[in-house]
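Start at 1 and go down the list; that is how both ligands and their atoms are numbered.
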Amino acid sequence: MESPVKKNQEYVVDIVGMGSEGQGIGKLDDFTVFVLGAITGETVKVKMLKVKKNFAYGKIVDIINKSDFRVKPPCPVAGRCGGCSLQHMTYEAQLSFKTKRVKDCIERIGRLKCVDVLPTIGMDKPFHYRNKAQFPVSVYNGRPVIGFYAKRSHNVVECDNCLLQHSVNAEIVRVFKSFLTENNISIYDEKTHKGIVRHIVTRVGFVTGEVMVCVVINGEKLPHVEMLVEELIKIEGMTGIVININREKTNVILGKKTKTVWGKGYIEDYIGKIKFNISPLSFFQVNPAQTRVLYEKAVELAKLSGNENVLDIYCGIGTISIFMAQKAKSVLGVEIVDEAIEDAKKNAAENSVENVKFRLGAAEDIIPILHNENFSPDVVVVDPPRKGCDEKVLNTIAEMRPQKIVYISCEPATLARDLKFLTENGFSVNTVQPVDQFANTVSIEVVVLLTCEKSE
Ligand code: SAH
């Protein structure tokens with residue numbers, strides 16, 4: 001069957017829903033049209049850009065019927081940059097979009113019909129909330145360009161003052177641009193694998209005010225690094241400047257090796273009363289205010305009485321482990337990144353938390369070993385990366401039969417897949433609570449409480 005639309009032609013489309021990337025979804029009879037920047041309930045005139053057999057991508061040429069939830073994005077590059085796909089919606093509408101997406105995933109992928117998804121807990125201020133920036137560096141017309149990748153591409157959209165980042169980043173970007181130009185430093189080219197500077201990664205402690213800059217390079221040394229240091233240390237809060245070496249042909253931003261060139265190689269920050277050391281290679285939640293809300297929710301859902309042994313799988317630098325340890329008998333954290341485990345141990349010691357231990361290794365290897373050693377946790381916390389939990393991990397948790405599982409997820413699709421497995425293996429979903437960590441973007445964070453159906 002031929003598609004009912006033609007490339008470059010214009011059509012009037014009613015937007016009936018929104019996809020996972022925030023694009024509007026319209027229907028022309030049974031034919032689906034994805035329209036970037038369109039909102040559910042709108043009628044838009046669309047020019048078809050790419051036409052496939054069963055669907056097409058189009059762009060808005062006119063909004064015929066505008067949503068009440070549409071706002072003018074405050075960032076001038078919001079439409080082009082791959083970060084803020086929801087900035088054209090009110091924050092309330094963004095939160096509803098996220099709640100709905102979690103519910104859709106749980107119903108469609110998880111096949112769970114009667115699960116109530118609580119309204120997404122939003123943040124007080126949906127801008128300037130991030131404590132970590134990762135800027136790709138590129139070249140345009142012979143001059144360095146620093147910003148973010150455009151949607152589905154590695155073209156860098158210049159952005160000197162990202163509204164999601166801490167304002168110190170604008171200053172760092174300015175210093176970098178002059179450094180790169182004045183010293184004629186080569187910029188990495190993904191196609192040829194030549195050139196030095198790949199990314200600039202920054203971290204800011206929102207409570208301590210500490211700032212760390214990490215320059216990712218395709219080489220062993222950054223030429224004239226002393227000139228860069230001289231300028232960067234004038235920035236208020238600068239605590240550490242590090243070089244990360246990444247010589248691989250890869251999309252992964254950071255390489256395995258880091259060298260401190262000035263100051264210390266990590267920053268300190270607080271979540272609530274707990275102080276954390278954060279190294280460049282360690283995972284740390286990007287939104288400190290909402291992380292506190294998320295962790296407190298996780299602790300609340302676990303309803304710890306002080307007698308529980310808790311297993312925290314994918315524990316990173318021990319953030320949730322240390323939060324839980326204050327209310328549990330013991331916590332064991334498991335994590336694959338060596339540096340993160342070192343940070344986790346330091347964090348526990350510096351906060352005088354003694355009832356927590358950490359084990360380095362892949363969860364899929366360590367959890368079955370723990371089970372063989374008859375380790376039997378009362379509460380299991382999992383906070384996996386986007387791809388969700390490994391099957392071996394889920395199988396072993398099901399065999400361990402903890403009373404509760406607290407599942408923290410940054411990807412509703414894999415969360416739903418894993419909930420399907422767990423509900424088919426003796427657990428039921430008790431509470432699903434999204435907590436927004438990423439205003440203006442489509443990313444979603446959810447905490448779920450599962451309980452064991454019958455204890456043997
Ligand atoms: N719970 C932590 C970290 C969550 S992010 C926090 O809230 O800060 C997910 C973590 O899982 C990362 O630290 C990552 O390094 C780790 N990880 C990824 N794959 C893993 C695996 N196979 N086994 C154990 N940990 C893994």
Side-chain angles (χ1 to χ4, degrees), residues 130-132 134 203 205-206 252-256 258 266-272 274-299 301-302 310-325 328 331-348 351 353 356-371 379-397 405-411 414-415 418 433 435 437-438 443-448:
R130 283 186 63 102
N131 59 11
K132 179 185 182 183
Q134 306 193 118
R203 270 184 155 150
F206 272 47
V252 177
I253 294 175
L254 292 169
K256 293 202 167 62
T258 39
Y266 59 93
I267 59 161
E268 294 175 7
D269 204 17
Y270 288 82
I271 304 277
I274 301 172
K275 189 170 105 183
F276 292 103
N277 286 327
I278 309 154
S279 303
L281 292 181
S282 299
F283 175 89
F284 191 66
Q285 295 278 358
V286 297
N287 181 336
Q290 286 299 95
T291 296
R292 182 174 180 178
V293 177
L294 177 74
Y295 291 171
E296 285 175 356
K297 196 41 101 182
V299 172
L301 291 175
V310 179
L311 175 59
D312 178 17
I313 312 176
Y314 309 98
C315 72
I317 61 172
T319 33
I320 299 172
S321 308
I322 295 172
F323 256 72
M324 294 265 173
V331 181
L332 177 62
V334 177
E335 161 66 42
I336 200 167
V337 173
D338 197 350
E339 243 190 343
I341 284 284
E342 288 311 310
D343 282 348
K345 288 179 180 163
K346 241 189 264 167
N347 291 332
N351 289 289
V353 177
V356 42
K357 288 204 171 81
F358 296 100
R359 212 148 147 175
L360 173 66
E364 53 276 24
D365 300 333
I366 303 279
I367 306 307
I369 295 174
L370 291 172
H371 185 43
V379 176
V380 170
V381 179
V382 291
D383 185 7
R386 294 179 71 97
K387 65 178 184 204
C389 290
D390 185 276
E391 232 182 281
K392 265 193 220 148
V393 173
L394 287 178
N395 262 316
T396 315
I397 296 173
I405 301 172
V406 179
Y407 193 135
I408 298 174
S409 163
C410 57
E411 176 48 67
T414 55
L415 166 73
D418 292 351
Q433 175 66 73
V435 181
Q437 307 279 329
F438 313 101
S443 297
I444 299 177
E445 192 86 12
V446 198
V447 53
V448 177

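Not a single N or O atom of Val337, backbone or side chain, sits closer than 3.5 Å to an N or O atom of ligand 1. Taking any N or O of Glu335, backbone or side chain, at least one lies under 3.5 Å from an N or O belonging to ligand 1. Considering backbone and side-chain N/O of Ala363, one or more are found under 3.5 Å from N/O of ligand 1.
The single protein non-hydrogen atom nearest to atom 18 (C) of ligand 1 is Pro385 CG, 3.6 Å, given as residue, atom name and distance. Of the protein's heavy atoms, Tyr314 CB, 3.4 Å lies nearest to atom 11 (O) of ligand 1. When only non-hydrogen protein atoms are considered, atom 22 (N) of ligand 1 lies nearest to Glu364 OE1, 3.0 Å.
Distances below 4.0 Å separate heavy atoms of Tyr295 from the following atoms of ligand 1: 6 (C), 7 (O), 8 (O). Proximity to Gly361 (heavy-atom distance under 4.0 Å) selects the following atoms of ligand 1: 23 (N), 24 (C). Under a 4.0 Å criterion applied to the non-hydrogen atoms of Ala362, ligand 1 contributes the atoms 23 (N). Listed by atom number, the atoms of ligand 1 under 4.0 Å from Ile320 heavy atoms are 1 (N), 7 (O). Set against the non-hydrogen atoms of Thr319, the atoms of ligand 1 under 4.0 Å away are 2 (C), 6 (C), 7 (O), 8 (O).
With sequence neighbours left out, the ring pair (Phe, Tyr, Trp, His ring centres under 6.0 Å) criterion links Phe206 to His166. Annotation: side-chain hydrogen bond (donor to acceptor under 3.5 Å, both in side chains) contacts of Ser409 (sequence neighbours excluded): none.
Look at Ser282 and you'll find every heavy atom at least 4.0 Å from all atoms of ligand 1. By the 4.0 Å heavy-atom criterion, Ala340 is excluded from the residues contacting ligand 1.
Distances from atom 25 (N) of ligand 1 to the heavy atoms of Ile336, Asp383, Ile317 put Ile336 nearest.
In this structure, Pro384 and Cys410 approach most closely via the heavy-atom pair O-SG, 4.2 Å. Across Phe358 and Ala344, no two heavy atoms sit closer than the pair CE1-O, 3.5 Å.
Cation-pi geometry between Lys346 and Tyr266 is met: the NZ or CZ atom falls under 6.0 Å from the ring centre, inside 45° of the normal.
Counting heavy-atom neighbours within 6.0 Å of Glu391 CD, excluding the residue itself, gives a total of 12 or less.
The line from CD1 of Ile322 to NZ of Lys275 is 11.5 Å long, rounded to the nearest 0.5 Å. Asn351 contributes atom CG, which lies 8.0 Å from atom OH of Tyr270 (distance to the nearest 0.5 angstrom).
Using a 4.5 Å heavy-atom threshold, the side chains of Leu370 and Leu332 count as touching.
A salt bridge does not link Glu364 to Lys392: none of the charged nitrogens lies less than 4.0 Å from a carboxylate oxygen.
Under 4.0 angstrom from ligand 1, there are no non-hydrogen atoms of Phe323.
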